[in-house]
Q: 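Okay, here's the structure, questions in a sec.
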Amino acid sequence: MRPRAFSFTSFSTFVTCPRQYHAKYILKTVKDDPDTPHLVWGRQVHTAFENRQRDQVPLPAGLGVHEQFMQQLDKRPGELEVEMKVALNTSLEPCDFFDPKTFYRGIVDWLKVDRAAGRAYVVDYKTGKRRPKWDQLALNALWVFAAHPGVRLVSAEFYWTQDCAADRKVWGAAGQADLWAKMKPDLRQYAQAHIEDVWQPRQSGLCRAHCPVLDCEFNGKGR
């Protein structure tokens, strides 16, 4: 089987447990409920921030506390994109989101590219607990470097809506190979699992209480 294009979420699921990935994304016998209160709230926040940034629509009641951050984003230089679907092909070149050779797919919540300064700014909004997972922003940065060869620096940050706080990193174009190298062992296993069609369970403390794959031998919820 040819390796499927991955998102940060699907790849994280594979790294946590290949068998869970197989159930969710290959067999599709397990599905996340899109209407849980947290996910519904997350979509509402993203839509409100998108409308505020793209069309200057005032934030709705309950989200006004984030207006100061919205104004900070307004002041950053560059061409604005919001909720932008991005993709890289197997040659690590930008491509159409649904290109047959797509290797990676993602959505960039907020992006500004300052071509004159050779700098880009990427923001990902988070409505959950403050737990930065930098590979997500690293993949966004790698797409920016590929799509905008003149960009030398990417300033990336998570904005945590529960805390009105941000975590930031800056990556340089010269470090792209190092970013890919950190993910290479997991990417190699990801490709091998698809080619061999072997999806080993990866036991952890999450198995008994949180895993939705009830027929796995390590999951006690189904018995």
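This structure is a prediction, so every number in the text was calculated from the model and none was measured.
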Q: With a 4.5 Å limit on heavy-atom distance, are the side chains of Lys169 and Val154 in contact?
A: no
Q: How many angstroms lie between atom CD of Gln136 and atom OG of Ser7, to the nearest 0.5 angstrom?
A: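 Here the interatomic distance stands at 9.0 Å.
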Q: Is the centre of the Trp143 ring less than 6.0 Å from the centre of the Phe145 ring?
A: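 Distance test on ring centres: not under 6.0 Å, no.
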Q: As a quick check of understanding, evaluate salt bridge (charged side-chain N to carboxylate O under 4.0 Å, His left out) for Lys24 and Asp32, giving each step before the final call.
A: CA-CA 8 Å; Lys24 280 189 173 183; Asp32 292 325; 3.3 Å; yes
Q: Are Leu179 and Trp134 close enough that some pair of their side-chain heavy atoms sits under 4.5 Å apart?
A: no
Q: Ring centres under 6.0 Å, that's the criterion: do Tyr159 and His66 meet it?
A: yes
Q: Do Leu137 and Met84 land in one hydrophobic cluster if side-chain heavy atoms of ILVMFWY residues count as linked below 4.5 Å?
A: yes
Q: Is there a side-chain contact between Phe6 and Leu187 in this structure, where contact means two heavy atoms from C-beta onward sitting under 4.5 Å apart?
A: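 Phe6 reaches Leu187 side chain to side chain.
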Q: With distance as the sole criterion, is a donor-acceptor pair present between the side chains of Ser10 and Thr13 under 3.5 Å?
A: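 On atom types as modelled, these side chains do not qualify, holding no pair under 3.5 Å.
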Q: Measure the spacing between CG of Asp178 and CH2 of Trp171 and express it to the nearest 0.5 Å.
A: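 Asp178 CG to Trp171 CH2: 12.5 Å, rounded to 0.5 Å.
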Q: Trp110 and side chain to side chain contact (heavy atoms under 4.5 Å, CB included): which single residue from Glu50, Met70, Arg76 fits?
A: Arg76
Q: Under 4.5 Å between any side-chain heavy atoms of His194 and Arg2, yes or no?
A: no
Q: Using every non-hydrogen atom in the two residues, find where Leu111 and Val144 come nearest and quote the distance to one decimal.
A: CD1-CG2, 4.0 Å
Q: Between NZ of Lys133 and CZ of Phe8, what distance do you get to the nearest 0.5 Å?
A: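 If I round to the nearest 0.5 Å, the distance is 5.5 Å.
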Q: Taking only Lys NZ, Arg NE, NH1 and NH2, and the carboxylate oxygens of Asp or Glu, determine whether Lys101 and Asp96 approach each other closer than 4.0 Å.
A: no
Q: Would Lys112 and Gln53 satisfy side chain to side chain donor-acceptor pair (under 3.5 Å), going step by step from the backbone distance to the final call?
A: CA-CA 11 Å; Lys112 274 189 176 179; Gln53 283 296 319; 5.6 Å; no
Q: Is the closest side-chain heavy-atom distance between Phe49 and Phe69 below 4.5 Å?
A: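 Side-chain contact under 4.5 Å: no.
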Q: Run Lys126 and Asp124 through salt bridge (charged side-chain N to carboxylate O under 4.0 Å, His left out) and show every step you take.
A: CA-CA 6 Å; Lys126 294 297 184 187; Asp124 194 88; 3.2 Å; yes
Q: Would you indicate whether the side-chain heavy atoms of Leu63 and Val45 approach each other to under 4.5 Å?
A: yes
Q: Checking ring-ring contact (aromatic ring centres under 6.0 Å, His included) against Phe11, which of Tyr190, Tyr104, Tyr21, Tyr25 comes through?
A: Tyr190
Q: To the nearest 0.5 Å, tell me how far Asn89 CG sits from Phe103 CZ.
A: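 Result: 10.0 Å between the selected atoms.
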Q: Can you confirm whether Asp167 sits close enough to Arg130 that some side-chain heavy atom of one is under 4.5 Å from a side-chain heavy atom of the other?
A: yes
Q: Arg202 and Thr16: side-chain donor and acceptor closer than 3.5 Å?
A: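 No, no side-chain donor-acceptor contact under 3.5 Å.
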Q: Does the side chain of Arg52 reach to within under 4.5 Å of the side chain of Gln71, using non-hydrogen atoms?
A: yes
Q: May I have the step-by-step check of side chain to side chain donor-acceptor pair (under 3.5 Å) for Arg188 and Gln192, ending in yes or no?
A: CA-CA 6 Å; Arg188 186 182 295 114; Gln192 184 177 0; over 6 Å; no
